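Encoded as structure tokens, the structure appears first; notes follow it.
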Protein chains: 2
Amino acid sequence: MPDMGRPRQFDEDRAVEAACRVFWTKGYEATSTQDLCEATGLGRSSIYNTFKSKNDLFRRALSHYVDTMTARQIEVLGEEGPSALERLESFLTVILDGEMENRRDGYGSGCFTVNTITSLAANDPHIAAILEKDLQRRLFSLRTVVEQGRRDGSVTSDRPAEGLAWYLTSVISGMRVAAQSGADRPVLDQVARTGLDALRAGATV
Amino acid sequence: MPDMGRPRQFDEDRAVEAACRVFWTKGYEATSTQDLCEATGLGRSSIYNTFKSKNDLFRRALSHYVDTMTARQIEVLGEEGPSALERLESFLTVILDGEMENRRDGYGSGCFTVNTITSLAANDPHIAAILEKDLQRRLFSLRTVVEQGRRDGSVTSDRPAEGLAWYLTSVISGMRVAAQSGADRPVLDQVARTGLDALRAGATV
DNA sequence: CGTTTATTGGACTGATCTGTACAAAATTGG
DNA sequence: CCAATTTTGTACAGATCAGTCCAATAAACG
């Protein structure tokens, strides 16, 4: 007999999204259960009844973030028509657009993924696992595009595709850190374009 | 009449160093005053007598970190003999050596600077100021080396030196994030070498 | 040696933290 | 309408938080 008892007065996914925003801007430690209640509009009981703990809700929020963000970003890598390098350019543009949009409303909280890597990943295996899975997904997409670029001639660097994929993820993380350090859009565009130069360069060392 | 009253039983600089280690590995929010007492060996009174607050001690610790680390790293950029690009290569090697050494003892806490940028800089102007000053110092050194490389022929990219300096700081931050994501030394070496490829590439976009 | 000045340890404060207990409320199935 | 079942609001619990107070201690100066 399902559908028994008092029904929920809130949408679980919307609660996760609201929690995500708070964790994103304030960080895990600095976010109190009180903050989560206010952001989601739920009472303590509802939060602890729906999610086991603050840590559990954080994992839900982080998973939501990486899934939606990564999907949105790597989507452009699979487009038909442009060369692999052009798709990588679009990819970086999508990321920077998101970064600036995020900066516009509410002042920059940076990238939730990077923030979490640098503050929690070392001490929380569950969280590390979420991030690791997302990283592999991103690396796979990037490695695939690099290999395609090698075939269509837009990527001329002769470094291993795996290394170039790691390089690209590093450049992206680095741009996000630079963005939080105050780098404005023109600077970030320069960084992105310079980053792609390496894919056209011949490796000499 | 100076030198009055009971003398200190500890070295202030050593206390700052010990506090730095704790803040570095645990993060600001997760570090309690109790942790600081245990790490420094001081009592609460001594800490609050010497440093105004937890936040103040953190700023001292962060300043200590950026001063020593940045000095050590940019030192190699001023060496005589090798080309600018070779000095940049040494620079990246120094950074990666530090990263791996840090990983060996105590398990990787990443880079204290990057950790702080991604967790505190947006909400604490004092801390942001410390990081901003260090960033300018690094950017200046890198821009100088890039300009030297342009003259000695080791840097052939025709992108603006300022943009290349930002690019290099971004690559470094990105490598540190990658390191915390589990990238091992060979991968990080690949990223570093690929990063330098961009300085030899001609800009086409 | 006594006064002065500074440090030190430990107890203490009030606030805040995550998580729980429990009864009232709301809905379904019979 | 009456159980059964789930959610919800509120009060509460125990721990921990940053920071303060104060008496004991230890040195320098006269």
Side-chain angles (χ1 to χ4, degrees), chain A residues 1-62 116 119-120 123-127, chain B residues 1-62 116 119-120 123-127:
Chain A
M1 38 211 73
D3 257 12
M4 204 67 158
R6 180 171 173 177
R8 288 225 175 116
Q9 292 176 333
F10 64 94
D11 182 284
E12 188 168 320
D13 290 337
R14 294 193 70 82
V16 169
E17 282 176 35
C20 182
R21 275 296 166 107
V22 186
F23 280 128
W24 184 0
T25 53
K26 300 194 65 168
Y28 179 75
E29 307 279 1
T31 299
S32 68
T33 49
Q34 185 63 26
D35 293 329
L36 294 168
C37 290
E38 289 166 12
T40 59
L42 313 191
R44 292 179 103 64
S45 297
S46 299
I47 286 186
Y48 278 91
N49 190 40
T50 310
F51 314 99
K52 285 185 307 194
S53 64
K54 176 185 170 183
N55 193 277
D56 194 73
L57 178 51
F58 182 87
R59 294 201 293 262
R60 288 282 301 270
L62 181 62
T116 306
S119 58
L120 292 179
N123 302 315
D124 191 318
H126 293 109
I127 292 174
Chain B
M1 36 211 76
D3 257 12
M4 205 68 156
R6 182 171 173 177
R8 288 226 174 113
Q9 291 177 335
F10 64 93
D11 182 285
E12 189 170 319
D13 289 337
R14 294 193 73 82
V16 169
E17 279 174 38
C20 182
R21 275 295 165 109
V22 186
F23 280 128
W24 184 2
T25 53
K26 300 193 66 167
Y28 179 75
E29 307 280 359
T31 299
S32 68
T33 49
Q34 186 62 26
D35 293 328
L36 293 169
C37 290
E38 288 166 13
T40 59
L42 311 192
R44 291 179 108 61
S45 298
S46 298
I47 287 186
Y48 278 90
N49 190 39
T50 310
F51 314 99
K52 285 185 309 198
S53 65
K54 176 184 171 183
N55 193 276
D56 194 72
L57 177 51
F58 182 87
R59 294 202 293 261
R60 289 281 303 267
L62 181 61
T116 306
S119 58
L120 291 180
N123 303 315
D124 192 317
H126 292 109
I127 292 174

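Lettering of chains follows the sequences in order, A, B, ..., and the numbering in each one begins at 1. The basis for the numbers below is simple: all heavy atoms, side chains too, and nothing from hydrogens, waters or symmetry mates. These figures come from a predicted structure and were not determined experimentally.
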Geometric class of the B:Tyr28/B:Phe23 ring pair [parallel <30°, tilted 30-60°, perpendicular >60°] |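 Judged by the thresholds at 30° and 60°, the geometry between B:Phe23 and B:Tyr28 is parallel.
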Of the options [options], whose atoms approach the side-chain atoms of [X] most closely?
| X | options | value |
| --- | --- | --- |
| B:Ser32 | C:dG19, D:dA18, C:dT7 | D:dA18 |
| A:Thr33 | C:dT18, D:dT7, C:dG29 | C:dT18 |
| A:Met4 | C:dT20, C:dG29, D:dT8 | C:dG29 |

Return yes if a side-chain donor-acceptor contact under 3.5 Å exists between B:Ser46 and B:Asn49, otherwise no.
->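 Side chains of B:Ser46 and B:Asn49: no pair found under 3.5 Å.
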Find which nucleotide of DNA chain C each of A:Tyr28 and A:Ser45 is nearest to by heavy atoms, and output the residue with the more 5' nucleotide.
->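 Counting from the 5' end, the first nearest nucleotide belongs to A:Tyr28.
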Want to settle it: does A:Arg44 or A:Pro7 sit nearer the 5' end of DNA chain D, counting the closest nucleotide to each?
->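 Counting from the 5' end, the first nearest nucleotide belongs to A:Pro7.
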Tell me which of A:Gln9 and B:Asn55 sits closer to the 5' end of DNA chain D, going by the nucleotide each one is nearest to.
->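 First, find each residue's nearest nucleotide; the 5'-ward one identifies A:Gln9.
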State whether the distance check finds a donor on one side and an acceptor on the other, under 3.5 Å, for side chain B:Arg6 versus base D:dT25.
->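 Under the 3.5 Å cut-off, the side chain and the base do form a donor-acceptor pair.
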Select base, sugar-phosphate, or nothing to describe what B:Ser53 touches, counting heavy atoms under 4.0 Å on all strands.
->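 B:Ser53: backbone/sugar contact only, no base atoms under 4.0 Å.
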Could you state the [atom1]-[atom2] distance from [X] to [N], rounded to the nearest angstrom?
| X | N | atom1 | atom2 | value |
| --- | --- | --- | --- | --- |
| B:Lys54 | C:dA15 | NZ | P | 19 Å |
| B:Leu57 | D:dC17 | CG | C1' | 16 Å |
| A:Tyr48 | D:dG9 | OH | P | 16 Å |
| A:Ile47 | D:dT7 | CD1 | C1' | 14 Å |
| B:Asn49 | D:dC21 | CG | C1' | 13 Å |
| B:Asp35 | D:dT16 | CG | P | 12 Å |
| B:Phe58 | D:dA18 | CZ | P | 13 Å |
| B:Phe51 | D:dG19 | CZ | P | 14 Å |

In this structure, are over 12 heavy atoms from other groups packed under 6.0 Å from B:Arg14 atom CZ?
->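 For B:Arg14, atom CZ is not crowded (no more than 12 foreign heavy atoms under 6.0 Å).
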Could you walk me through whether A:Ser53 and A:Asp56 pass side-chain hydrogen bond (donor to acceptor under 3.5 Å, both in side chains), step by step?
-> CA-CA 5 Å; A:Ser53 64; A:Asp56 194 73; 5.4 Å; no
From A:Glu29 atom CD to A:Thr31 atom OG1, the distance as rounded to the nearest 0.5 Å =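 Result: 9.5 Å between the selected atoms.
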